[in-house]
S.K.: 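Next up is a structure, given as C-alpha coordinates.
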Protein chains: 2
Amino acid sequence: MKINKGVEWAAHACSLLGPLWPDKGLPLSALAEFHELPEAYMAKQMQALSRAGIVKGGRGRNGFYVLSKSPKEITLLDILLAVDGNEPMFVCTEIRQNGPCAQASEDCTSPCGIAAHFARAERQYRASLEKIDLESLNAGVISDLSPDNLRDAADWLSENHRTLG
Amino acid sequence: MKINKGVEWAAHACSLLGPLWPDKGLPLSALAEFHELPEAYMAKQMQALSRAGIVKGGRGRNGFYVLSKSPKEITLLDILLAVDGNEPMFVCTEIRQNGPCAQASEDCTSPCGIAAHFARAERQYRASLEKIDLESLNAGVISDLSPDNLRDAADWLSENHRTLG
(Lines give C-alpha, C1' and ligand atoms only; values in the text may rest on other atoms or scores of the structure.)
Protein backbone atom coordinates (compact mmCIF):
# COMPACT_ATOMS: atom_id res chain seq x y z
CA MET A 1 0.00 0.00 0.00
CA LYS A 2 1.36 3.34 -1.01
CA ILE A 3 0.52 6.81 0.13
CA ASN A 4 -0.27 9.24 -2.71
CA LYS A 5 2.98 11.02 -3.60
CA GLY A 6 1.17 14.33 -3.35
CA VAL A 7 1.19 13.96 0.45
CA GLU A 8 4.93 14.65 0.55
CA TRP A 9 4.48 17.73 -1.62
CA ALA A 10 1.50 19.00 0.34
CA ALA A 11 3.31 18.52 3.65
CA HIS A 12 6.32 20.49 2.40
CA ALA A 13 4.04 23.24 1.09
CA CYS A 14 2.28 23.53 4.47
CA SER A 15 5.65 23.55 6.19
CA LEU A 16 6.70 26.48 4.00
CA LEU A 17 3.48 28.38 4.70
CA GLY A 18 3.79 27.81 8.45
CA PRO A 19 6.15 30.71 9.30
CA LEU A 20 4.01 33.08 7.16
CA TRP A 21 0.78 32.48 9.05
CA PRO A 22 -1.56 34.29 9.82
CA ASP A 23 -1.46 37.11 7.28
CA LYS A 24 1.11 36.09 4.68
CA GLY A 25 1.25 33.42 2.03
CA LEU A 26 2.75 32.31 -1.25
CA PRO A 27 1.43 32.13 -4.81
CA LEU A 28 1.16 28.73 -6.43
CA SER A 29 4.09 29.49 -8.72
CA ALA A 30 6.38 30.12 -5.75
CA LEU A 31 5.24 26.99 -3.92
CA ALA A 32 6.01 24.97 -7.05
CA GLU A 33 9.31 26.76 -7.66
CA PHE A 34 10.57 26.24 -4.11
CA HIS A 35 10.15 22.50 -4.42
CA GLU A 36 11.01 22.37 -8.14
CA LEU A 37 7.69 20.68 -8.84
CA PRO A 38 5.36 21.03 -11.85
CA GLU A 39 2.88 23.80 -11.10
CA ALA A 40 -0.13 21.77 -12.28
CA TYR A 41 0.65 18.99 -9.85
CA MET A 42 1.36 21.40 -7.00
CA ALA A 43 -2.02 23.01 -7.81
CA LYS A 44 -3.76 19.68 -7.36
CA GLN A 45 -2.35 19.25 -3.85
CA MET A 46 -3.18 22.83 -2.88
CA GLN A 47 -6.77 22.33 -4.05
CA ALA A 48 -7.00 19.21 -1.89
CA LEU A 49 -5.64 21.17 1.10
CA SER A 50 -8.11 23.95 0.37
CA ARG A 51 -11.09 21.55 0.22
CA ALA A 52 -10.01 20.21 3.61
CA GLY A 53 -9.90 23.72 5.10
CA ILE A 54 -6.13 23.66 5.68
CA VAL A 55 -5.29 26.50 3.30
CA LYS A 56 -7.31 29.26 1.75
CA GLY A 57 -6.96 31.66 -1.17
CA GLY A 58 -4.83 30.88 -4.16
CA ARG A 59 -7.37 31.80 -6.83
CA GLY A 60 -6.84 34.25 -9.63
CA ARG A 61 -3.84 35.82 -11.27
CA ASN A 62 -2.64 37.52 -8.11
CA GLY A 63 -3.93 34.91 -5.73
CA PHE A 64 -1.84 33.21 -3.09
CA TYR A 65 -2.23 30.51 -0.50
CA VAL A 66 -2.33 31.18 3.24
CA LEU A 67 -2.83 28.65 6.02
CA SER A 68 -6.48 28.71 7.15
CA LYS A 69 -5.60 28.19 10.78
CA SER A 70 -2.73 28.21 13.20
CA PRO A 71 0.14 25.77 12.49
CA LYS A 72 -0.63 24.36 15.94
CA GLU A 73 -4.06 23.29 14.71
CA ILE A 74 -2.87 21.52 11.54
CA THR A 75 -1.49 18.00 11.91
CA LEU A 76 0.28 15.62 9.56
CA LEU A 77 -2.83 13.45 9.79
CA ASP A 78 -4.96 16.34 8.48
CA ILE A 79 -2.59 16.71 5.52
CA LEU A 80 -2.53 12.97 4.83
CA LEU A 81 -6.33 12.66 4.85
CA ALA A 82 -6.76 15.83 2.77
CA VAL A 83 -4.58 14.49 -0.04
CA ASP A 84 -4.82 10.72 0.27
CA GLY A 85 -8.47 10.47 1.30
CA ASN A 86 -10.15 9.21 4.45
CA GLU A 87 -10.88 5.64 3.39
CA PRO A 88 -9.55 2.92 5.70
CA MET A 89 -6.47 1.03 4.47
CA PHE A 90 -8.04 -2.35 5.11
CA VAL A 91 -11.49 -2.91 3.66
CA CYS A 92 -13.39 -5.91 5.04
CA THR A 93 -15.62 -7.54 2.45
CA GLU A 94 -17.22 -9.85 5.04
CA ILE A 95 -16.08 -13.08 3.43
CA ARG A 96 -17.03 -14.82 6.68
CA GLN A 97 -20.58 -14.57 5.30
CA ASN A 98 -19.60 -16.61 2.22
CA GLY A 99 -19.30 -20.31 1.48
CA PRO A 100 -20.48 -23.60 2.96
CA CYS A 101 -20.05 -22.44 6.58
CA ALA A 102 -21.23 -18.88 6.02
CA GLN A 103 -21.97 -16.93 9.16
CA ALA A 104 -25.45 -15.45 9.12
CA SER A 105 -25.43 -11.69 8.68
CA GLU A 106 -27.51 -11.30 11.86
CA ASP A 107 -24.68 -13.02 13.78
CA CYS A 108 -22.11 -10.57 12.37
CA THR A 109 -22.96 -7.61 14.59
CA SER A 110 -19.34 -6.96 15.56
CA PRO A 111 -16.53 -6.58 13.01
CA CYS A 112 -14.65 -9.66 11.83
CA GLY A 113 -11.65 -10.25 14.11
CA ILE A 114 -9.21 -9.81 11.22
CA ALA A 115 -10.74 -6.46 10.25
CA ALA A 116 -10.78 -5.35 13.89
CA HIS A 117 -7.02 -5.91 14.25
CA PHE A 118 -6.27 -3.98 11.06
CA ALA A 119 -8.56 -1.17 12.21
CA ARG A 120 -6.74 -0.97 15.55
CA ALA A 121 -3.37 -0.77 13.79
CA GLU A 122 -4.67 2.01 11.56
CA ARG A 123 -5.95 3.95 14.58
CA GLN A 124 -2.42 3.78 16.02
CA TYR A 125 -0.96 4.94 12.71
CA ARG A 126 -3.32 7.88 12.58
CA ALA A 127 -2.82 8.73 16.26
CA SER A 128 0.93 8.94 15.67
CA LEU A 129 0.48 11.43 12.81
CA GLU A 130 -2.17 13.36 14.72
CA LYS A 131 0.40 14.18 17.41
CA ILE A 132 2.58 16.07 14.92
CA ASP A 133 1.33 19.58 14.33
CA LEU A 134 2.87 21.93 11.81
CA GLU A 135 4.55 23.99 14.51
CA SER A 136 6.46 21.06 15.97
CA LEU A 137 7.13 19.70 12.49
CA ASN A 138 8.71 22.99 11.49
CA ALA A 139 10.76 23.22 14.67
CA GLY A 140 12.34 19.92 13.61
CA VAL A 141 12.75 20.90 9.95
CA ILE A 142 14.41 24.20 10.89
CA SER A 143 16.77 22.56 13.35
CA ASP A 144 17.97 20.31 10.51
CA LEU A 145 18.90 23.26 8.25
CA SER A 146 22.42 24.53 7.95
CA PRO A 147 22.87 28.24 8.82
CA ASP A 148 23.40 29.04 5.11
CA ASN A 149 20.30 27.15 4.15
CA LEU A 150 18.21 28.81 6.83
CA ARG A 151 19.32 32.25 5.59
CA ASP A 152 18.60 31.32 1.96
CA ALA A 153 15.12 30.13 2.86
CA ALA A 154 14.40 33.23 4.97
CA ASP A 155 15.57 35.48 2.10
CA TRP A 156 13.51 33.56 -0.42
CA LEU A 157 10.37 33.75 1.76
CA SER A 158 10.96 37.46 2.26
CA GLU A 159 11.17 38.02 -1.51
CA ASN A 160 8.29 35.80 -2.53
CA HIS A 161 5.62 36.15 0.11
CA ARG A 162 2.43 38.13 -0.32
CA THR A 163 0.48 39.82 2.44
CA LEU A 164 -3.29 39.72 2.93
CA GLY A 165 -4.79 43.10 2.08
CA MET B 1 -3.81 4.20 0.44
CA LYS B 2 -5.38 0.81 0.17
CA ILE B 3 -4.15 -2.58 1.27
CA ASN B 4 -4.26 -5.24 -1.44
CA LYS B 5 -7.61 -7.06 -1.12
CA GLY B 6 -5.76 -10.36 -1.18
CA VAL B 7 -4.59 -9.67 2.39
CA GLU B 8 -8.11 -10.30 3.71
CA TRP B 9 -8.33 -13.55 1.75
CA ALA B 10 -4.86 -14.71 2.80
CA ALA B 11 -5.56 -13.92 6.47
CA HIS B 12 -8.78 -15.96 6.37
CA ALA B 13 -6.98 -18.83 4.64
CA CYS B 14 -4.26 -18.86 7.32
CA SER B 15 -6.92 -18.69 10.02
CA LEU B 16 -8.56 -21.77 8.51
CA LEU B 17 -5.26 -23.66 8.31
CA GLY B 18 -4.39 -22.78 11.92
CA PRO B 19 -6.33 -25.55 13.69
CA LEU B 20 -4.93 -28.13 11.21
CA TRP B 21 -1.27 -27.41 11.94
CA PRO B 22 1.22 -29.18 12.10
CA ASP B 23 0.35 -32.22 9.96
CA LYS B 24 -2.90 -31.36 8.21
CA GLY B 25 -3.89 -28.93 5.54
CA LEU B 26 -6.35 -28.07 2.79
CA PRO B 27 -6.22 -28.21 -1.00
CA LEU B 28 -6.52 -24.96 -2.90
CA SER B 29 -10.00 -25.89 -4.11
CA ALA B 30 -11.23 -26.24 -0.52
CA LEU B 31 -9.63 -22.95 0.59
CA ALA B 32 -11.35 -21.20 -2.31
CA GLU B 33 -14.68 -22.99 -1.71
CA PHE B 34 -14.77 -22.17 2.01
CA HIS B 35 -14.52 -18.47 1.27
CA GLU B 36 -16.50 -18.64 -2.00
CA LEU B 37 -13.59 -17.06 -3.82
CA PRO B 38 -12.29 -17.68 -7.36
CA GLU B 39 -9.67 -20.42 -7.22
CA ALA B 40 -7.21 -18.54 -9.43
CA TYR B 41 -7.21 -15.55 -7.11
CA MET B 42 -6.97 -17.69 -3.98
CA ALA B 43 -4.00 -19.42 -5.68
CA LYS B 44 -2.24 -16.08 -6.06
CA GLN B 45 -2.50 -15.35 -2.34
CA MET B 46 -1.37 -18.86 -1.39
CA GLN B 47 1.68 -18.49 -3.64
CA ALA B 48 2.53 -15.21 -1.93
CA LEU B 49 2.20 -16.89 1.49
CA SER B 50 4.36 -19.75 0.25
CA ARG B 51 7.08 -17.40 -1.01
CA ALA B 52 7.11 -15.78 2.42
CA GLY B 53 7.51 -19.14 4.16
CA ILE B 54 4.12 -18.99 5.88
CA VAL B 55 2.62 -22.01 4.12
CA LYS B 56 4.11 -24.94 2.24
CA GLY B 57 2.88 -27.54 -0.21
CA GLY B 58 -0.08 -26.97 -2.45
CA ARG B 59 1.53 -28.15 -5.67
CA GLY B 60 0.20 -30.84 -7.96
CA ARG B 61 -3.16 -32.49 -8.46
CA ASN B 62 -3.29 -33.91 -4.95
CA GLY B 63 -1.36 -31.13 -3.31
CA PHE B 64 -2.57 -29.20 -0.30
CA TYR B 65 -1.41 -26.28 1.81
CA VAL B 66 -0.15 -26.64 5.37
CA LEU B 67 1.15 -23.89 7.64
CA SER B 68 4.96 -23.91 7.58
CA LYS B 69 5.26 -23.07 11.25
CA SER B 70 3.29 -22.84 14.44
CA PRO B 71 0.31 -20.45 14.45
CA LYS B 72 2.09 -18.76 17.37
CA GLU B 73 4.94 -17.85 15.02
CA ILE B 74 2.82 -16.31 12.26
CA THR B 75 1.56 -12.77 12.74
CA LEU B 76 -0.89 -10.58 10.86
CA LEU B 77 2.12 -8.44 9.94
CA ASP B 78 3.77 -11.46 8.28
CA ILE B 79 0.61 -12.04 6.24
CA LEU B 80 0.29 -8.37 5.30
CA LEU B 81 3.90 -8.12 4.12
CA ALA B 82 3.71 -11.44 2.26
CA VAL B 83 0.75 -10.32 0.17
CA ASP B 84 1.03 -6.54 0.09
CA GLY B 85 4.81 -6.26 -0.09
CA ASN B 86 7.36 -4.75 2.26
CA GLU B 87 7.67 -1.28 0.73
CA PRO B 88 7.10 1.64 3.10
CA MET B 89 3.76 3.45 2.73
CA PHE B 90 5.42 6.85 2.57
CA VAL B 91 8.23 7.24 0.08
CA CYS B 92 10.42 10.31 0.55
CA THR B 93 11.72 11.70 -2.73
CA GLU B 94 14.00 14.20 -0.97
CA ILE B 95 12.36 17.29 -2.40
CA ARG B 96 14.25 19.28 0.23
CA GLN B 97 17.21 18.87 -2.15
CA ASN B 98 15.29 20.67 -4.93
CA GLY B 99 14.73 24.29 -5.85
CA PRO B 100 16.29 27.68 -5.07
CA CYS B 101 17.01 26.82 -1.41
CA ALA B 102 17.99 23.22 -2.03
CA GLN B 103 19.70 21.51 0.89
CA ALA B 104 23.02 20.00 -0.11
CA SER B 105 22.92 16.21 -0.21
CA GLU B 106 25.88 16.06 2.19
CA ASP B 107 23.77 17.98 4.74
CA CYS B 108 20.93 15.47 4.42
CA THR B 109 22.45 12.69 6.49
CA SER B 110 19.32 12.18 8.60
CA PRO B 111 15.87 11.62 7.09
CA CYS B 112 13.69 14.61 6.28
CA GLY B 113 11.53 15.42 9.32
CA ILE B 114 8.33 14.77 7.38
CA ALA B 115 9.52 11.34 6.25
CA ALA B 116 10.71 10.54 9.79
CA HIS B 117 7.24 11.18 11.25
CA PHE B 118 5.55 9.01 8.62
CA ALA B 119 8.12 6.26 9.22
CA ARG B 120 7.44 6.37 12.98
CA ALA B 121 3.69 6.08 12.38
CA GLU B 122 4.29 3.11 10.10
CA ARG B 123 6.45 1.42 12.72
CA GLN B 124 3.55 1.73 15.16
CA TYR B 125 1.15 0.31 12.56
CA ARG B 126 3.40 -2.65 11.97
CA ALA B 127 4.06 -3.19 15.68
CA SER B 128 0.31 -3.39 16.29
CA LEU B 129 -0.11 -6.12 13.65
CA GLU B 130 3.02 -7.92 14.80
CA LYS B 131 1.43 -8.47 18.21
CA ILE B 132 -1.39 -10.55 16.69
CA ASP B 133 -0.34 -14.11 16.04
CA LEU B 134 -2.56 -16.65 14.32
CA GLU B 135 -3.28 -18.45 17.57
CA SER B 136 -4.68 -15.38 19.32
CA LEU B 137 -6.43 -14.30 16.10
CA ASN B 138 -8.20 -17.65 15.93
CA ALA B 139 -9.16 -17.58 19.59
CA GLY B 140 -11.03 -14.36 18.81
CA VAL B 141 -12.54 -15.64 15.56
CA ILE B 142 -13.79 -18.84 17.25
CA SER B 143 -15.29 -16.95 20.17
CA ASP B 144 -17.34 -14.94 17.66
CA LEU B 145 -18.89 -18.04 16.05
CA SER B 146 -22.32 -19.30 16.97
CA PRO B 147 -22.44 -22.92 18.25
CA ASP B 148 -24.07 -24.03 14.97
CA ASN B 149 -21.44 -22.26 12.93
CA LEU B 150 -18.61 -23.71 14.96
CA ARG B 151 -20.01 -27.23 14.42
CA ASP B 152 -20.47 -26.61 10.67
CA ALA B 153 -16.88 -25.40 10.35
CA ALA B 154 -15.50 -28.33 12.37
CA ASP B 155 -17.46 -30.79 10.21
CA TRP B 156 -16.31 -29.11 7.02
CA LEU B 157 -12.65 -29.17 8.13
CA SER B 158 -12.99 -32.80 9.10
CA GLU B 159 -14.35 -33.67 5.64
CA ASN B 160 -11.97 -31.58 3.59
CA HIS B 161 -8.59 -31.72 5.31
CA ARG B 162 -5.68 -33.81 4.05
CA THR B 163 -2.94 -35.26 6.22
CA LEU B 164 0.79 -35.17 5.48
CA GLY B 165 2.47 -38.36 4.33
Side-chain angles (χ1 to χ4, degrees), chain A residues 1-5 7-9 11-12 15 33-37 76-77 80 84-85 87 89-93 95-96 98-104 107-108 110 112-118 120-129 132 137-138 140-141 143-146 149 152-153 155-156, chain B residues 1-5 7-9 11-12 15 33-37 76 80 84-85 87-93 95-96 98-104 107-108 110 112-118 120-129 132 137-138 140-141 143-146 149 152-153 155-156:
Chain A
M1 77 198 120
K2 281 266 178 290
I3 291 176
N4 184 325
K5 287 182 182 196
V7 171
E8 180 189 17
W9 302 15
H12 278 274
S15 168
E33 182 207 356
F34 190 88
H35 300 102
E36 215 173 301
L37 298 175
L76 270 186
L77 179 63
L80 171 70
D84 203 50
E87 296 296 305
M89 297 185 213
F90 181 90
V91 176
C92 174
T93 62
I95 62 173
R96 62 180 168 169
N98 295 349
C101 304
Q103 293 176 53
D107 291 340
C108 296
S110 58
C112 169
I114 292 168
H117 291 304
F118 277 100
R120 185 181 310 111
E122 185 159 358
R123 282 197 298 276
Q124 294 186 9
Y125 180 79
R126 289 186 173 203
S128 177
L129 294 175
I132 311 302
L137 176 73
N138 272 348
V141 167
S143 73
D144 281 345
L145 293 176
S146 70
N149 210 260
D152 287 352
D155 288 351
W156 184 91
Chain B
M1 75 197 121
K2 281 265 178 291
I3 291 177
N4 184 324
K5 287 179 183 200
V7 171
E8 180 190 18
W9 303 15
H12 278 274
S15 168
E33 183 207 357
F34 190 89
H35 300 102
E36 215 174 303
L37 297 175
L76 270 186
L80 172 69
D84 204 50
E87 295 296 304
M89 297 185 213
F90 182 91
V91 176
C92 174
T93 62
I95 63 174
R96 62 182 170 171
N98 294 349
C101 303
Q103 294 177 52
D107 291 340
C108 296
S110 58
C112 168
I114 292 167
H117 291 303
F118 277 99
R120 186 181 310 112
E122 186 159 358
R123 283 197 298 277
Q124 295 186 9
Y125 180 79
R126 290 187 174 204
S128 176
L129 294 175
I132 311 301
L137 177 72
N138 272 348
V141 167
S143 73
D144 282 345
L145 293 177
S146 69
N149 210 260
D152 287 352
D155 288 349
W156 184 91

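Bear in mind the structure is a predicted one, so any value in this text is a computation, not a measurement. Numbers restart at 1 for each chain; the letters A, B, ... are given by sequence-line order, proteins then strands.
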S.K.: Roughly how far, to the nearest 0.5 Å, is CD1 of B:I3 from CE of A:M89?
M.R.: 6.5 Å
S.K.: Between A:C92, A:S146, A:G140, A:S110, who has the most heavy-atom pairs with chain B when the cutoff is under 4.5 Å?
M.R.: A:C92
S.K.: Keeping the roles fixed (side chain from B:N149, backbone from A:A102), state whether a donor-acceptor pair exists under 3.5 Å.
M.R.: yes
S.K.: For A:K5, what residues pass the side-chain contact (heavy atoms from CB on, under 4.5 Å) criterion, not counting sequence neighbours?
M.R.: A:Y41
S.K.: With a 4.5 angstrom heavy-atom cut-off, is it the side chain or the backbone of B:N4 that approaches chain A, or both, or neither?
M.R.: neither
S.K.: Any idea which heavy atoms bring A:K2 and B:E87 closest together, and the distance?
M.R.: NZ-CB, 2.9 Å
S.K.: Look at A:T93, A:L80, A:V7 and state which one has the largest set of heavy-atom pairs under 4.5 Å with chain B.
M.R.: A:T93
S.K.: Work out which heavy atom in B:D144 is nearest to a heavy atom in A:G113; give both atom names and the distance.
M.R.: OD2-N, 4.4 Å
S.K.: Quick check: closest heavy atoms across A:S128 and B:Q124, and the distance to 0.1 Å?
M.R.: CB-OE1, 3.5 Å
S.K.: Where do B:E8 and A:I95 come nearest, in terms of heavy atoms and distance?
M.R.: OE2-N, 3.8 Å
S.K.: Measuring from B:I114:CD1 to A:I132:CD1, what's the distance to the nearest 0.5 Å?
M.R.: 11.5 Å
S.K.: Please enumerate all residues that pass side-chain contact (heavy atoms from CB on, under 4.5 Å) together with B:D152, with sequence neighbours excluded.
M.R.: A:C101
S.K.: Can you name the nearest heavy-atom pair linking A:E36 to B:G99, along with the distance?
M.R.: OE1-N, 2.7 Å
S.K.: Taking every heavy-atom pair that is under 4.5 Å apart, which of B:V141, B:D107, B:L137 has the most such pairs with chain A?
M.R.: B:L137
S.K.: Classify the ring geometry between B:Y125 and A:Y125 as parallel (under 30°), tilted (30 to 60°) or perpendicular (over 60°).
M.R.: perpendicular
